[in-house]
Amino acid sequence: MASLQPVRGTHDLLPDEGRKHRHIADTARGLAARYGYEEVATPIFEFTEVFKRTLGDTSDVVTKEMYTFEDRSGDLITLRPEGTAGIARAVISGGLGQNLPLKFFYYGPMFRHERPQKGRLRQFHQIGVELLGVAAPLGDIEVIALGAHILDSLGILGRCKLELNTLGDVESRVAYRDVLVKYLSGHVDSLSEDSRERLNRNPLRVLDSKDEGDKRIVADAPAFGDYLTEAARDFFARVTDGLDALGIRYELNPRLVRGLDYYCHTAFEFTTDALGAQGTVLAGGRYDGLIETMGGPATAGVGWAAGVERLAMLAEGTQAPVRPIAVIPIGGAAEAAALKLTFDLRQAGFSIDLGFSGNLSRRMKRANKLDAVCAIILGEDEIAKGVATIRDMASGEQTTVPLGEIAAHLARHR
RNA sequence: GCGGGCGUAGCUCAGUUGGUUAGAGCGCCAGAUUGUGGAUCUGGAUGUCGUGGGUUCGAUUCCCAUCGCUCGCCCCA
């Protein structure tokens with residue numbers, strides 16, 4: 001702790017990158033609103049139990065990545081590693097289930113104690129949406145369409161592909177889990193150590209293993225598709241039909257398994273190969289059992305989350321900084337007048353930069369660096385005549401304007 | 001959590017086969033221009049050579065540890 005370094009895996013969002021984040025958040029928020037999803041913000045910490053219960057005791061996120069601490073009242077608190085659990089909790093504690101369906105958008109920091117890498121931080125930001133109370137495939141379709149729409153608006157849909165799978169309903173999963181465990185148990189000696197562990201805790205995850213040996217075994221495993229109930233199969237077919245109808249392209253990936261335990265039916269993931277090892281850009285799925293698991297009424301849910309830092313690395317656009325008008329006093333006598341003019345113009349809705357010090361040349365340089373649209377120059381000559389000189393920074397053209405008419409003269413820059 | 005690479009000015013990087021004053025470009029500051037920015041020219045300031053320890057007459061250079069970044073594994077957004 002000798003040197004002043006930021007905590008590992010955290011970093012400062014300075015103006016340049018901050019504007020990029022805002023561009024992404026604003027784009028997403030705007031489109032979400034167009035689909036009827038309103039922004040909500042839940043606390044960034046919750047009782048640890050909220051995440052333990054919802055994410056599942058077997059997930060890595062819960063077992064080794066949470067920032068958990070005891071607060072001064074002895075409560076066990078966790079910094080949220082993702083957004084869905086907090087929203088589900090809010091739905092229950094606020095009795096929001098009375099007003100289904102609920103359509104929420106969120107944006108904020110998340111915390112996971114992972115090894116930092118490109119596109120993987122310990123404090124990172126996610127945008128996400130949750131649709132609660134819609135059990136029909138139309139919900140899955142809408143949520144995926146919104147995700148695709150946002151990626152498209154950010155100009156990165158073309159570099160992503162949508163992978164899609166179904167995890168079926170509980171009945172399907174129980175049936176499949178049995179045959180899968182039976183099959184894998186027959187090959188237990190050839191499985192990787194990780195997968196042997198998964199076999200006990202969460203066998204579906206073995207399907208997702210990157211180990212070459214595991215892949216060979218998995219290749220001959222019974223297919224989940226054969227064990228789907230008719231209802232689950234039909235549900236998934238209606239989702240894919242809907243995507244087809246909207247012209248949203250996808251690839252079926254039977255190996256796509258979600259890391260968090262609360263998912264069922266549709267699982268999807270927009271991935272890219274432009275980000276190295278961190279290929280997932282926007283991912284989510286259906287989680288019908290979640291709210292009930294937490295002690296609320298049975299409530300259907302679908303949603304997704306996307307990493308803002310990852311989106312920022314892919315997206316080209318950014319929010320342009322505000323171009324100010326520079327007010328430039330020359331000499332001590334003009335400063336009082338400049339101060340007053342500055343604050344009056346700000347009240348009138350203009351974005352004004354009043355350099356804090358320096359002579360005319362220095363202040364002009366500052367105006368130029370800030371990309372000011374124009375400079376209002378106030379010197380002794382001007383003050384004596386009750387006017388100001390307004391210089392258009394692009395053309396260099398200067399006009400003399402009476403002090404009382406400045407606001408009107410600048411109206412187009414408001 | 002495991003393995004590989006890297007760490008020199010605000011930024012991008014050169015360099016030192018261990019030896020006195022560590023460099024460039026960009027940026028920054030000042031001047032040419034005490035009432036005019038962007039271009040140009042001139043000058044200037046920068047650094048505990050990531051940190052701590054060891055070897056050595058001497059370490060930015062070699063060794064160890066540590067922190068950070070990075071790539072892969074893992075996990076995921």
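The shown structure was predicted, so the numbers you read here are calculated from the model rather than taken from an experiment. Convention: sequence-line order gives letters A, B, ...; per-chain numbering from 1.
B:U34 and B:G25 have their C1' atoms separated by 33 Å, with the value rounded to a whole Å. To the nearest whole angstrom, the two C1' atoms, one in B:U16 and one in B:G23, are 11 Å apart. Separation of the P atoms belonging to B:U21 and B:U46 is 15 Å when rounded to the nearest angstrom. Separation of the P atoms belonging to B:G50 and B:A59 is 15 Å when rounded to the nearest angstrom. Spacing between B:G47 and B:A9 at atom P, rounded to whole Å, works out to 11 Å. Taking atom P in both B:C28 and B:G37, the straight-line distance is 15 Å, to the nearest Å. Taking atom C1' on both B:G19 and B:C62, the two are 15 Å apart, rounded to the nearest angstrom. One P atom belongs to B:U48, the other to B:C11, and the distance between them is 10 Å to the nearest Å.
When the P atom of B:A77 is taken as reference, atom CG of A:Leu162 falls 15 Å away, rounded to whole Å. Whole-Å rounding puts the A:His125 NE2 to B:C76 C1' distance at 17 Å. Note: CD (A:Glu65) to C1' (B:C76) measures 7 Å, nearest angstrom. In this structure, the CD atom of A:Glu82 is 11 Å from the C1' atom of B:A77, given to the nearest Å. Computed from coordinates, the A:Ile24 CD1 to B:A77 C1' distance equals 12 Å when rounded to whole Å. One interatomic measurement links the two molecules: OH of A:Tyr263 to C1' of B:C76, which rounds to 10 Å at whole-angstrom precision.
The side-chain heavy atoms of A:Phe104 and A:Leu96, taken from C-beta on, include a pair separated by under 4.5 Å. Using a 4.5 Å heavy-atom cutoff, the side chains of A:Asp220 and A:His187 are not in contact. Put simply, the side chain of A:Ile127 reaches to within 4.5 Å of the side chain of A:Leu311, judged on heavy atoms. By the 4.5 Å heavy-atom criterion applied to side chains, A:Ile217 and A:Tyr183 are counted as neighbours.
Between the side chain of A:Thr27 and the main chain of A:Leu154, no donor-acceptor pair closer than 3.5 Å is present. At distances below 3.5 Å, not a single donor-acceptor pair connects side-chain atoms of A:Arg238 with backbone N or O atoms of A:Leu138.
Under the 3.5 Å distance criterion, with hydrogens and angles disregarded, a donor-acceptor pair is assigned to the side chains of A:Glu269 and A:Thr280.
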Checklist entry - What string of B, S and - do you get for nucleotides 42-48 of chain B 5' to 3' if you count protein non-hydrogen atoms under 4.0 Å? => result -------

Item to check | Per-nucleotide protein contact string for nucleotides 31-41 of chain B, where B marks a base within reach and S marks sugar-phosphate only (heavy atoms under 4.0 Å, - for neither) | outcome: ----BBBB---

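Nucleic acid contact class of A:Ala283 (heavy atoms, under 4.0 Å, all strands): sugar-phosphate only. Using a 4.0 Å heavy-atom cutoff across all strands shown, A:Val308 reaches no nucleic acid atom at all. Using a 4.0 Å heavy-atom distance criterion, A:Gly9 is classed as a sugar-phosphate-only contact.
Each of A:His113 and A:Ala306 has a nearest nucleotide on RNA chain B; the 5'-most of these lies closest to A:His113.
Qualifying ring-ring contact (aromatic ring centres under 6.0 Å, His included) partners for A:His413, counting only residues two or more places apart in sequence or in other chains: none.
Heavy atoms from other residues, nucleotides or ligands lying under 6.0 Å from CD of A:Glu171 number 12 at most. The local environment of CD in A:Glu380 is sparse, with at most 12 non-hydrogen atoms from other residues, nucleotides or ligands closer than 6.0 Å. Annotation: A:Phe45, atom CZ; neighbour count of heavy atoms from other residues, nucleotides and ligands within 6.0 Å does not exceed 12.
Both the sub-6.0 Å distance and the 45° axial angle are satisfied by A:Arg346 relative to the ring of A:Phe343.
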Nucleotide N/O to protein N/O under 3.5 Å, stretch nucleotides 70-74 of chain B:
unit_1: B:C71; atom_1: OP2; unit_2: A:Lys118; atom_2: N; d: 2.8
unit_1: B:G72; atom_1: OP1; unit_2: A:Ala277; atom_2: N; d: 3.4
unit_1: B:G72; atom_1: OP2; unit_2: A:Ala277; atom_2: N; d: 3.4
unit_1: B:C73; atom_1: N4; unit_2: A:Gln117; atom_2: NE2; d: 3.4
unit_1: B:C73; atom_1: N4; unit_2: A:Arg120; atom_2: NH2; d: 3.4
unit_1: B:C74; atom_1: O3'; unit_2: A:Arg198; atom_2: NH2; d: 3.4
unit_1: B:C74; atom_1: N3; unit_2: A:Arg120; atom_2: NH1; d: 2.8
unit_1: B:C74; atom_1: N4; unit_2: A:Arg120; atom_2: NH1; d: 3.0

Anything under 3.5 Å between a protein N or O and an N or O of nucleotides 7-9 of chain B, put it in a table, one pair a line.
none

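A:Glu316 has a carboxylate O that lies under 4.0 Å from a charged side-chain N of A:Arg159, or vice versa, which qualifies the two as a salt bridge. By the 4.0 Å N-to-carboxylate-O rule, A:Arg29 lies close enough to A:Asp26 to be salt-bridged with it. A salt bridge is absent between A:Glu382 and A:Arg391: the closest approach of a Lys/Arg side-chain nitrogen to an acidic carboxylate oxygen does not fall below 4.0 angstrom.
Between A:Arg323 and A:Asp371, the closest heavy-atom pair is NE-O, 2.8 Å. In plain terms, the two heavy atoms of A:Ala232 and A:His265 that are nearest each other are CA-CE1, 4.0 Å.
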Checklist entry - Please, what dot-bracket string fits RNA chain B when only Watson-Crick and G-U pairs with both distances under 3.5 Å count, crossing ones use [ ] and pairs to another strand use |? => result (((((((..((((.....[...)))).(((((.......))))).....(((((..]....))))))))))))....

